[in-house]
Amino acid sequence: MKRDFLHITDFTTEEIWETLELAKWLKDKFYKRESYHPFADESMSMIFAKPSARTRVSFETGFSWLGGHALYLGPNDIGIGKRESVADIARVLSRYNDIIMARLFDHKHIVELAEYATVPVVNGLTDYNHPCQIMADILTIFEHRKTLDDLKITYVGDGNNIVHSWFELAMRIPMNFVVACPEGFTPDEELLRVTKEAGLSEIEINHDPIQAVKGADVIYTDVWASMGQKEEADERRRKFEGFQINDKLMNSTGKETLFMHCLPAERGVEVTDSVCDAPYSIIFDEAENRMHAQNAIMVKIMKESGKR
Ligand code: CP
Ligand code: NVA
């Protein structure tokens with residue numbers, strides 16, 4: 001049976017730890033410029049219905065470092081769900097490629113892609129979630145803190161796809177996860193309910209950022225208007241007033257706190273330059289770890305799908 005990675009909850013807790021260990025091992029090899037080619041003679045289609053810098057470059061670089069060949073299919077190439085059905089694209093690409101990575105709008109489409117593909121499918125972001133990002137983030141936090149015990153993360157901003165994947169992780173690794181967002185920008189209610197019901201982590205929704213960041217080990221943010229919402233950007237700027245990560249907010253935690261952002265950042269909007277460029281900001285470590293976390297995810301699911 002093939003394995004996909006569409007949600008962090010597709011992995012058990014043990015598998016998440018195993019993936020993080022594998023990511024560290026692969027990263028060490030990459031640093032030492034040692035060759036490791038489990039994907040020799042294999043290929044990956046990367047479907048992008050939305051723009052990307054990190055996801056495209058990290059997947060393409062990672063897959064080729066692992067010995068394979070990655071193909072970029074941009075928004076105007078295959079027209080998934082428009083020019084051709086998702087199911088047909090899945091069946092066609094499965095005849096050429098050994099793995100598919102996709103960044104799509106509608107989450108239902110990635111689920112359908114995985115259902116009809118006979119090769120593993122990796123989610124490179126949908127409107128609903130971004131599991132590879134949060135796997136890279138937790139690897140980064142682990143590198144900096146050396147432990148994930150007693151972790152308080154306060155996410156300040158829009159209750160979006162990034163938050164949803166944090167919830168997925170919170171169902172596998174215990175943490176105190178607080179979302180500080182304006183009224184009307186809360187995360188998906190059903191996922192919030194399921195995450196709370198899982199009972200592993202403390203989850204809180206708060207509308208007061210200063211209070212929400214008290215005792216936080218990590219403050220995390222993301223853009224206020226995600227891809228597909230850019231026409232709402234001006235209105236959102238008004239509604240998110242007071243939710244910017246600035247020196248005052250970073251100084252309100254009462255402890256040493258790391259700053260994280262999945263990037264791209266709109267500097268001066270959801271976060272100031274002073275925070276992005278502060279010594280406690282680990283945004284570029286996060287970006288770097290995208291590649292190593294994803295390499296580990298791909299190596300694991302390819303192996304378990306009977307590929308290598
Ligand atoms: N963080 C992230 O996914 O970045 P890109 O949109 O540039 O891929
Ligand atoms: N929430 C953002 C994340 C970008 C990596 C978006 O979907 O645009």
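Just the heavy atoms: all of them, side chains too, but no hydrogens, waters or symmetry mates, feed the values below. Counting starts at 1 for both ligands and their atoms, in listed order.
- From the protein, the heavy atom lying nearest to atom 4 (O) of ligand 1 is Arg54 NE, 2.8 Å.
- Counting non-hydrogen atoms of neighbouring residues, nucleotides and ligands closer than 6.0 angstrom, the NZ atom of Lys248 reaches no more than 12 such neighbours.
- Arg290 NH1, 3.3 Å is the protein heavy atom nearest to atom 2 (C) of ligand 1.
- For ligand 1, one of its N or O atoms has an N or O atom of Ala53 under 3.5 Å away.
- Of all protein heavy atoms, the one lying nearest to atom 5 (C) of ligand 2 is Leu263 O, 3.6 Å.
- Asp222 OD2, 3.5 Å is the protein heavy atom nearest to atom 3 (C) of ligand 2.
- For ligand 2, none of its N or O atoms has an N or O atom of His130 under 3.5 Å away.
- With side-chain heavy atoms closer than 4.5 Å counting as contact, directly or through intermediates, the hydrophobic cluster containing Phe284 also holds Val156, Phe185, Ile210, Val213, Ile219, Trp224, Phe240, Phe243, Ile245, Leu249, Met250, Phe259, Leu263, Val269, Val271, Val275, Tyr280, Ile283.
- Within a 6.0 Å radius of CD in Glu189, no more than 12 heavy atoms belonging to other residues, nucleotides or ligands are found.
- Between Cys262 and ligand 1, at least one pair of N/O atoms sits closer than 3.5 Å.
- Residues Arg103 and Ser52 have side chains in contact (heavy-atom distance under 4.5 Å, counting atoms from C-beta outward).
- If you check which protein heavy atom lies closest to atom 7 (O) of ligand 2, you get Asn161 ND2, 2.9 Å.
- Taking each of Glu286, Lys50, Arg56, His130 in turn, the one with a heavy atom nearest to atom 3 (O) of ligand 1 proves to be His130.
- Between Leu263 and ligand 1, at least one pair of N/O atoms sits closer than 3.5 Å.
- Ligand 1 has Arg103 within reach: a non-hydrogen atom of the residue lies less than 4.0 Å from it.
- The N/O atoms of Arg103, backbone and side chain alike, include none that comes under 3.5 Å of an N/O atom in ligand 2.
- Both the sub-6.0 Å distance and the 45° axial angle are satisfied by Arg33 relative to the ring of Phe30.
- The nearest pair of heavy atoms linking Asp98 to Met302 is O-SD, 3.7 Å.
- Residue Leu125 places no N or O, backbone or side chain, under 3.5 Å from any N or O of ligand 2.
- Checked against Glu235 for a side-chain hydrogen bond (donor to acceptor under 3.5 Å, both in side chains), the options Arg238, Arg237, Lys239 give a single hit: Lys239.
- Using cut-offs of 30° and 60° on the angle between ring planes, the pair Tyr72 and Phe48 is tilted.
- Protein heavy atom nearest atom 8 (O) of ligand 2, with residue, atom name and distance: Met227 N, 2.8 Å.
- The one candidate from Gln229, Lys230, Arg236 that meets the side-chain hydrogen bond (donor to acceptor under 3.5 Å, both in side chains) condition with Glu232 is Arg236.
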